[in-house]
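Naming: A, B, ... by sequence-line order, numbering from 1 per chain.
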Amino acid sequence: MAANVALLGDAPFLILQLLLDGLMIGAIFAVAAYGMALVWGVMNVINVVQGELVMLGGFIAYQLTLWGLSPLWGVPVAAIVLYFVGAGLHHVVIRRVADRDMFISLLATFGLSILLQQLMNQIWGGDVKTAQSGLGTWFLLDYTVTVSQMKVAAFGGAIAIGAVLIIFLKRSRLGQAIRATAQNPRAARILGIDTNRVFAATYGINAALCGAAGALVVMAYSVHPYIGLPYTVRSFMIVIVAGLGNLPGVIVAGLGLGAAENFAGFILGVQYQVAFVFCLLVVILVIRSTLLQRRRQFLK
Amino acid sequence: DAQAKVEGDTVYLGAAVSLTGKYTTAGEHTQRGYDLAVKTINDAGGITVGGNTYRLEVIYYDDESTPARGAQLAERLINQDGVDFMLGPYSSGLTKAIAPVTEQYGVPMVEANGASLQLFNKGYRYLFAVLSTTEQYLASAVALAAEIAEREGRDPATLKLAGAFENDPFSQDIRAGVIADAEKFGIQVVIDDQLPPELNDMAATLAKTKAVKPDILVVSGHSKGAALAVRQVEEMRVDVPMLAITHCDSADVIGKFGAASEYTLCASQWAPTLSYQDDVFGSAADYAATFEAEYGYAPPYQAAESSAAVIVFADAFERAGGFGKDAVRDALAATEMQTFYGNIRFDETGKNIAKPMVLYQIQDGAYVVVAPTKWAASEVRHPTPPWSER
Amino acid sequence: MSGHRQPLLMLAVAAVGVALPFVIPDYRAQIAMLWALVIMAQTWDITGGQTGYNSFGNILFFGVGMYASVVVQRDVGLDFFPGLVLGMVVGAGIAAALAVLLGSMILRMRGHYFAIATLGLGIAAGEIAGGWDYLGAGSGLSPPLFPAPPGTANLFFAYLYFGVAALVFVALAALYRTRFGLALNAIRDNEDKAEAMGLHTGVYKVTAWTMAAFVLGLVGGAMGNMLGFVDPRDTAFAGATFGVWMVLMAILGGKGTLWGPVLGAVIFHITQELLWTHLLGWQRVALGVIIVGIVVFFPQGILGWARTRWPARHEHQGHGSERA
Amino acid sequence: MTATPPGAPPDVPMDFETALSVDAVEEAARELAGEGPARQELEALCAGEPAIDIRGLRAGYGRMEILHGIDLVAGQGQSLCLIGPNGAGKSTVLHSVFGFADVMAGSINVGGSDVARLASSRRLADAGIAYVLQDNSVFPDMTVEENLLMGGFLLDRRADAKQAAERVFDRYERLAQRRHRRAGVLSGGERRLLEISRALIMEPDVLLVDEPSIGLEPRFIDMVFEILEDLQRRDGKTIVMVEQNAKKGLEFADIGYVLVSGRLAMAGPGDALLEDPEVGRLFLGA
Amino acid sequence: MSAQLTIEGATKRFGGITANEDISLEVPEGRIVGLIGPNGSGKSTLFNSVVGYHPVDGGSIRFEGREITRLRTAEIARLGLIRTFQQTHVFVQMTGLQNMAISDAEAGHGLFQLMRPVSAETRERAEALLAFCGLYGKRHLMAGELSFGQRKLLELAMALMVRPRMLLLDEPTAGINPTLINGVIERLQRANREFGVTLFVIEHNMRVIMSLAEHIHCLAHGRLLASGPPEALRNDRRVIDAYLGAR
Ligand SMILES: Nc1ncnc2c1ncn2[C@@H]1O[C@H](COP(=O)(O)OP(=O)(O)OP(=O)(O)O)[C@@H](O)[C@H]1O
Ligand SMILES: Nc1ncnc2c1ncn2[C@@H]1O[C@H](COP(=O)(O)OP(=O)(O)OP(=O)(O)O)[C@@H](O)[C@H]1O
Ligand SMILES: [Mg+2]
Ligand SMILES: [Mg+2]
């Protein structure tokens, strides 16, 4: 561990490399996290199937390459396909559990995640899949620092998606309905908002975001059927840190998490990177609850 | 209870294989290896034991790639299904979980996918492995590096080795072997990373590699690790004179990454170009052809060794002349034969000591055996040129 | 299940538990596993069902018990049985201590935050064990083998786990009849109000979790020997299997009830053994469908469903077993 | 609901002279009610075309039936007040009209069409029903102003909603001062004011109000009743209200209904009920 | 007459708003004291400060001579200072009796005191108090199945079950049937008289507060506007202007 820290001192370019890689993966985390924030905030559902939706997006982009198309098309295609998948899932399962105890929906989406994992396993096999975007690599500082153009594109795309989403929620009618439903569904209904449709749309949008993120993942990294949970957990962490309904915060937290994870992996050893992520999760939650303890919520 | 072991003219073997979970792909290769051998043997008239002919059949369960499930299923196969002979699961971890069960019940198990050396220091009497154990996987790669260094007039002790190994029993065993080999030559280990099982990014390790500039980079993490290593080495333009990995054929790195996979060294249990043969499949090349005709892709070595395990069992049944568990066990212990997969002879711990590993290099888009010299089809290409020149 | 029929039912179940390993001797391994699962579901329900703190990380205590026990057996150098007993006790002790320590930090979180924090703990524990050489790291550990013919090992574990399950059941039945049980329910229903009434909610929550942890530590302590192999992610901190199953079983049966977790575990285990082993690869699809089906159609569990179906019986129970 | 026998354990002193228990009120009311008013009586109270007409309504939550056959008729521009003991099912009547309870039998006609099959979210748009819930229904994380604007969600033009909101602010300085504050931090009374004004933005034909005066200071209670009066008299809206402050409610309403254990016990003109000695004893605390 | 609860210069701000400003008042032991004031004048906020839901920004609060300004809710509750809520809070998935049983402070809240079944004594008292609040017939019903007003009554019964030294009631009769209100008033008076519980009551219902309270404080805009016996306050010009309105 000390050796790793020393290495950072000896080869400072590593710091830059780690930071860049971290930010770029963090941006993708953020996209999935937008969706989670939406679904959580609006429907009061913690969507455990988030990671699997991301993977599904990845597999769709991969499938396009099998058909000879550029996986870059995967971003819009996966988003559109996943929108309908999401709306479908909502219709069949989510709407029946959304207004129940949150734990019920947690479990239901967990069940869906197992189902999707297995379906992907049956359709595409258990192997690691990647798709070559065809974009090249930039080199900085005399070839020491590499920046894959794909990752930069993913980064830019993620930020853009976030911005669009924020404006959409603030300005559009559906956006307003989504916000109102999030805060008090019964009140939304008495004002004439079709909350069921709002829920379906919200879940669809979430799935579409995941699909886009997945397409970025398969080009910038790789996917296989069992890789969902870390994405789910990261989304969750990001949302907690940012706070529900704080989308700009989601971007910042996503980038921060990506960078922190990368540095932790480097310094502690990659084997502890996942442990680090989950310990960080617990620590964040503990800090959050301590802070809340001070600013206590109270009853009326 | 236990009547299912031999029903009429059918002998049942039991196997828990990974059809879901993280070992799905390899588990499928394993199952297909078993199935192909069983089918081929049965089609050729089955086995003759004590004057009668018998067909083979395998009872499968899915162990979901988890050892706890594997152990339970072994119990189930032995107790409820009455199986008296077991074929191994995929991976060292699963084998580790199942071996204690078969051992307790005195059920002989021939396994083809648990390479961990630790399986063979427990004094198990009913466990037999047709494959080479982990310490041999990358030994020839390390030796090769040392040899080349000496040839170039460099002291091997000046070499630097970087390693990244998945955190599972198999890869950790590989790691132990590599580190022991490095010590033997005085090679300095400069990076020794463990990769998490839900691996999807090894940028941190590779960035480190760029900084410390080792002479050899060794990666082991089943097919996932192989794919990731080849891909990210290219993407990050990591210049390292020698990249040695495991599982490149099962990960199909040539198909996935094309030219980027050139120069990569791969440890393999077996290659279709080897000159072994047997009565069931013919030569190694014949086996490859049969397999490809059946399943539509070239057999990875996981399939080949699984088929070999069935052949070994069949041979032992015939020599034992009956289906007593202990008679078959003793016959297995006395095995001395050649299969398309290689020579098989078990030492007293149950591992196969008659078959060496081979080392491939990817040259011009094909796997070419470069070590050991006996089977080498071509010279090793070394060093790997820097990316700026490729 | 009304008040006066309760003891009868318990007797019947006890009789079945005692007889089972001899009625179907080939299934002893599964019987042992069944009772272990029953205990997991029962203990999960202490916090999950009764207190409203849904944990996804109770597997932590199971795994800690398993590792502690195997390490004790490896390093202390006792014979098999004394080693196992010591291992189980140490495992349970460490698990309980850990519950006190972690509980006092994370039980302050409400609802789903707690659920996810525990999920994090469970996974992190597996990852840490997987990197820790003293615990065999990723290669895992092999506990000593049972020193007797094969059938007896399963018989031993079947009775061991049955005994623990029965004890836990009786203890919980008594516990839920005390005001402590009511306090847990009060926390579940409205924790702020419970606090406003002067209850020491923090202490009760930690106590409840510690009880669960202690028992899970015991269960884990013997499970290593039963399985014959300990591995960080798939046997000890097996979040995706045991970790989730214990939640599922409790919910399937009906959380927050005494019999629900038992019923849920039995049904779950039998389904799994009968069905899944023959589905060859599709069993996870089945699991997914079952989970979704349960929560969509039986969110209250089988017992809860029966109650809405036959509300009269429930009313009757309200008067019959009058807990207050 | 199960019929739990009323009464108290023997060792509890039963000195309920001035005060009646929940059960005692129910019991007394049940006796008083007898068979309850006939449908014709109700129709007689209704002036003009019925704007809202409920027949044989059985409704409840899940499998539990709370209302056991309720009839209710109110004409266009009339106001109707439901009174009754706690737990009688008054809120459930309003819930049923808006689709928040499970209707098991009976019909609910508003403005001549059956709304029972309409999704709750369509009832404001299609049937012109607005609803002020008994409990909290603001959007806590939106500002007071945004809350009012949400009241005009169905309006095609944003500007209309804006104007309507301005009118509310003109009327209630209290809300105007807090227009940019999160609605979640309003005091109980401020919140009530916001909820009522928000329901009026769409200018509904039928207004369901559940205990408008709850938690309001005396002056606001008067104010709220003035608003309702205005709506009814000037704009000809139909108002169905539940009010625990039965005196206020009956004074205000044209028609009064007394609901007891999910059944209609009495019905009559508001003033007449107010003067009924039994009603006075049981519901007005006189 | 000693002051049981003393509030001195209590100030509470939320962001830009001052909900309570420099409020000083006393609640003497054994009395019934009222707190009135327009909506948003800071009544509930003051209650919240007293029972420790949020710390005050300035001033101090003493209960029976003890500084409680910084104590936590549960600790304050255990001193015998209990509040009820404007919006009801009961344990919805427990029966009325169970709600009562867990509220029994006399049976103890220590871990070991809890580890025994509900005593016959607790049960009797619970039943008596439920009857006292008119809920005896509903004692086996889940609290979540009670109507709004019934829950309110249950909450009152629970508060009495604690045997509090002082009870802070936030609009105890809001949403309760007028006839029952008479009952509630009588019950409160009896609780005060027979159990010696000091009452500090927020009410908008003038009939209730005038017949119940012996002394009333009126808040407006977060400040203490006036104090005095009911009659005096009813005729106080400032109170009429700020709150009661012209009658
Ligand atoms: N969500 C619910 N689920 C089950 N039962 C309910 C539910 N809401 C109300 N009830 C029951 O329905 C009955 C009638 O409730 P309702 O709220 O209509 O009464 P109410 O007349 O409005 O009383 P209040 O004056 O106290 O508000 C009550 O006995 C209550 O127990
Ligand atoms: N958590 C909070 N954050 C910000 N402002 C608050 C908060 N709680 C209360 N307020 C504000 O403080 C003021 C006083 O509120 P409070 O609830 O004490 O009033 P109240 O006297 O109880 O009124 P009511 O009779 O309507 O219940 C109100 O203007 C309210 O908006
Ligand atoms: Mg009501
Ligand atoms: Mg208030």
Interface moiety of [X] toward chain E, non-hydrogen atoms closer than 4.5 Å:
{"X": "D/Arg181", "result": "side chain"}
{"X": "D/Leu216", "result": "both"}
{"X": "D/Glu190", "result": "both"}

As an exercise, state the distance from CD of D/Gln244 to OG1 of E/Thr173, rounded to the nearest 0.5 Å.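 Answer rounded to 0.5 Å: 10.0 Å.
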
Check the surroundings of atom [atom1] in [X]: do more than 12 heavy atoms from other residues, nucleotides or ligands lie under 6.0 Å from it?
{"X": "E/Glu194", "atom1": "CD", "answer": "yes"}
{"X": "E/Glu121", "atom1": "CD", "answer": "no"}
{"X": "D/Arg182", "atom1": "CZ", "answer": "yes"}

Out of E/Ala174, E/Ser41, E/Ala19, E/Ala242, return the one with the most heavy atom pairs under 4.5 angstrom to chain D.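 The option with the most such pairs is E/Ala242.
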
Please set out all donor-acceptor pairs under 3.5 angstrom arising from side-chain atoms of residues 33-40 of chain E, sequence neighbours excluded.
| from | atom 1 | to | atom 2 | distance (Å) |
| --- | --- | --- | --- | --- |
| E/Asn39 | OD1 | D/Glu217 | N | 3.0 |
| E/Asn39 | ND2 | D/Gly215 | O | 2.8 |
| E/Asn39 | ND2 | E/His204 | NE2 | 3.2 |

